[in-house]
Number of protein chains: 2
Amino acid sequence: MVAARLDPIDRMILSELQADGRMTNVELARRVGISAPPCLRRVRTLEEAGLIRGYHAEINARELGFEVQVFVMVGLDSQAETALSAFENRCRAWPLVRECHMLNGEVDFILKCAAPDLSSFQSFLTGELLTAPNVASVKTSLVIRVAKDEPGVPFDVLEERLNKSA
Amino acid sequence: MVAARLDPIDRMILSELQADGRMTNVELARRVGISAPPCLRRVRTLEEAGLIRGYHAEINARELGFEVQVFVMVGLDSQAETALSAFENRCRAWPLVRECHMLNGEVDFILKCAAPDLSSFQSFLTGELLTAPNVASVKTSLVIRVAKDEPGVPFDVLEERLNKSA
DNA sequence: CCGCGTGCGCAATATTATTGCGAAAACACG
DNA sequence: CGTGTTTTCGCAATAATATTGCGCACGCGG
């Protein structure tokens with residue numbers, strides 16, 4: 001399977017599973033309007049095609065003891081591919097770094113970090129990040145509060161687009 | 001239930017479900033070393049306590065037609081609470097905005113946006129965001145590539161902490 | 001040592017997942 | 001338009017899982 005075009009039922013399945021990834025297949029089938037066996041087959045196909053990458057419980061980080069969330073803008077002193085991917089590999093190895101995106105513009109990377117408290121983030125910052133090779137500039141921004149945190153993609157936007165082009 | 005302290009089994013459950021939210025309860029029970037019924041009861045308790053906020057399928061946005069991911073730094077011309085929460089409400093209503101975090105420092109908010117293509121993001125930017133009340137400065141950064149994108153929190157960090165304090 | 005609360009596991013039942021298969025729908029082509 | 005082909009469906013049967021009830025073991029405070 002390369003990139004079989006998705007029909008409306010597939011999109012509904014993705015949308016439902018993005019909203020509730022633990023829904024039973026019976027319930028999912030009911031919602032998308034087909035019977036359970038073909039529904040399950042579609043889900044398996046979507047998984048194998050890589051459209052569904054996995055399923056995750058959304059954990060309440062605060063309650064669990066991760067009080068601090070920080071965005072970090074990082075600039076390197078070299079934009080050579082070796083330097084870039086070396087930095088990316090370091091990010092993958094740092095547990096506090098949850099996301100690492102390479103950006104265009106003046107800043108090279110943005111990191112989203114989670115830490116139990118400010119001091120543990122500080123020690124990561126000074127002990128690991130600031131001393132990493134090629135790191136030229138670092139600017140951190142503490143998250144004060146989270147107004148919106150939706151997973152994945154907006155399916156309603158997708159619907160609109162498809163309707164227009166139809 | 002206020003904030004019952006979690007025992008090691010609860011933490012293992014959270015960790016496993018964060019990694020694979022669709023694992024069967026039987027498999028989960030096997031991994032954490034108890035039988036299925038008490039395992040399910042623990043999961044239900046964690047859900048009701050709000051430690052598990054939900055479950056989500058991780059969708060491959062690119063394959064689905066969301067080619068563009070953008071971080072947007074927004075500054076307002078007023079930091080009055082009314083202005084701040086008005087802006088947050090607008091973000092909640094914009095489907096392209098997936099995350100909205102209030103930050104400390106010079107920038108007031110960081111948004112993570114997903115869009116089908118550059119032009120639809122541009123039209124959102126010029127038609128919605130830039131014309132929204134109180135928006136004083138906007139700086140966008142396109143995501144070139146994603147090096148790491150882990151959901152939730154690093155449980156291994158939690159373990160270390162607990163071992164130290166013990 | 002005893003009573004009490006908490007959490008476990010077993011066993012039974014209800015639901016759900018999964019597979020095989022024939023039939024309907026979609027499609028390509030003559 | 002028919003017809004062979006492919007795809008996808010739904011039903012029915014089976015396997016596996018979720019869920020509930022209940023008695024037992026453990027830890028704790030009299």
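Worth saying up front: this structure is predicted, and the values here are computed from it rather than measured. Here is the naming used below: chain letters follow the sequence lines, and residue numbers restart at 1 for every chain.
- Evaluation of the ring pair (Phe, Tyr, Trp, His ring centres under 6.0 Å) rule for A/F109 yields A/F87 as partners, not counting sequence neighbours.
- Within the 3.5 Å criterion, the main-chain N or O of B/V153 finds a donor-acceptor partner in the side chain of B/Q18.
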Could you write nucleotides 21-27 of chain C as a row of B, S and -, 5' to 3', where a protein heavy atom under 4.0 Å of any base atom gives B, of only sugar-phosphate atoms gives S, and otherwise -? -------
Run B/L84 and A/R145 through side chain to side chain contact (heavy atoms under 4.5 Å, CB included) and show every step you take. CA-CA 11 Å; B/L84 296 172; A/R145 71 187 191 207; 3.9 Å; yes
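- B/D7 places its CG atom 14 Å from the C1' atom of D/dG27, with the value rounded to the nearest Å.
- A donor-acceptor pair is defined here as one N or O able to donate and one able to accept, closer than 3.5 Å; such a pair exists between the side chain of B/R22 and the backbone of A/M23.
- Summarising the geometry, the separation between CZ on A/R30 and C1' on C/dT16 is reported as 15 Å, rounded to the nearest angstrom.
- Between A/L40 atom CG and D/dT17 atom P there is a gap of 13 Å when expressed in whole angstrom units.
- Under a 3.5 Å cut-off, the side chain of B/T45 and the backbone N or O of B/R41 do form a donor-acceptor pair.
- Sorted by residue number, the members of residues 10-24 of chain B with any non-hydrogen atom under 4.0 Å from DNA chain D read B/T24.
- Nearest to the side chain of B/N25, among D/dA12, D/dA18, C/dG9, sits D/dA18.
- Using modelled atom types, no side-chain atom of A/R11 and backbone atom of A/F155 make a donor-acceptor pair closer than 3.5 Å.
- Between B/R31 and B/E27, at least one side-chain nitrogen of the basic residue sits less than 4.0 Å from a carboxylate oxygen of the acidic one, meeting the salt-bridge criterion.
- Rounded to whole Å, atom P of D/dT17 lies 16 Å from atom CZ of B/R44.
- Residues satisfying the side chain to side chain donor-acceptor pair (under 3.5 Å) criterion with B/R53, sequence neighbours excluded, are absent altogether.
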Under 3.5 Å, which N/O atoms of the protein pair with N/O atoms of nucleotides 5-7 of chain C?
none

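- Distance alone, capped at 3.5 Å, is enough to place a donor-acceptor pair between the B/R62 side chain and the B/E67 backbone.
- Put simply, the side chain of B/R92 never gets that close to the backbone of A/K148: no donor and acceptor are under 3.5 Å apart.
- Atom-to-atom, CD of B/E27 to C1' of D/dT17 comes out at 12 Å; the value is rounded to the nearest Å.
- An end-to-end axis angle of 40° holds for the helix from C/dC1-D/dG30 to C/dG30-D/dC1, taken from five base pairs per end and rounded to 10°.
- For the pair A/N25 (side chain) and A/A36 (backbone), a donor-acceptor distance under 3.5 Å is present.
- For B/E81, the CD atom is densely surrounded, since the number of other residues' heavy atoms within 6.0 Å is greater than 12.
- In this structure, the side chain of A/N134 does not engage the main chain of A/A83 through any donor-acceptor pair within 3.5 Å.
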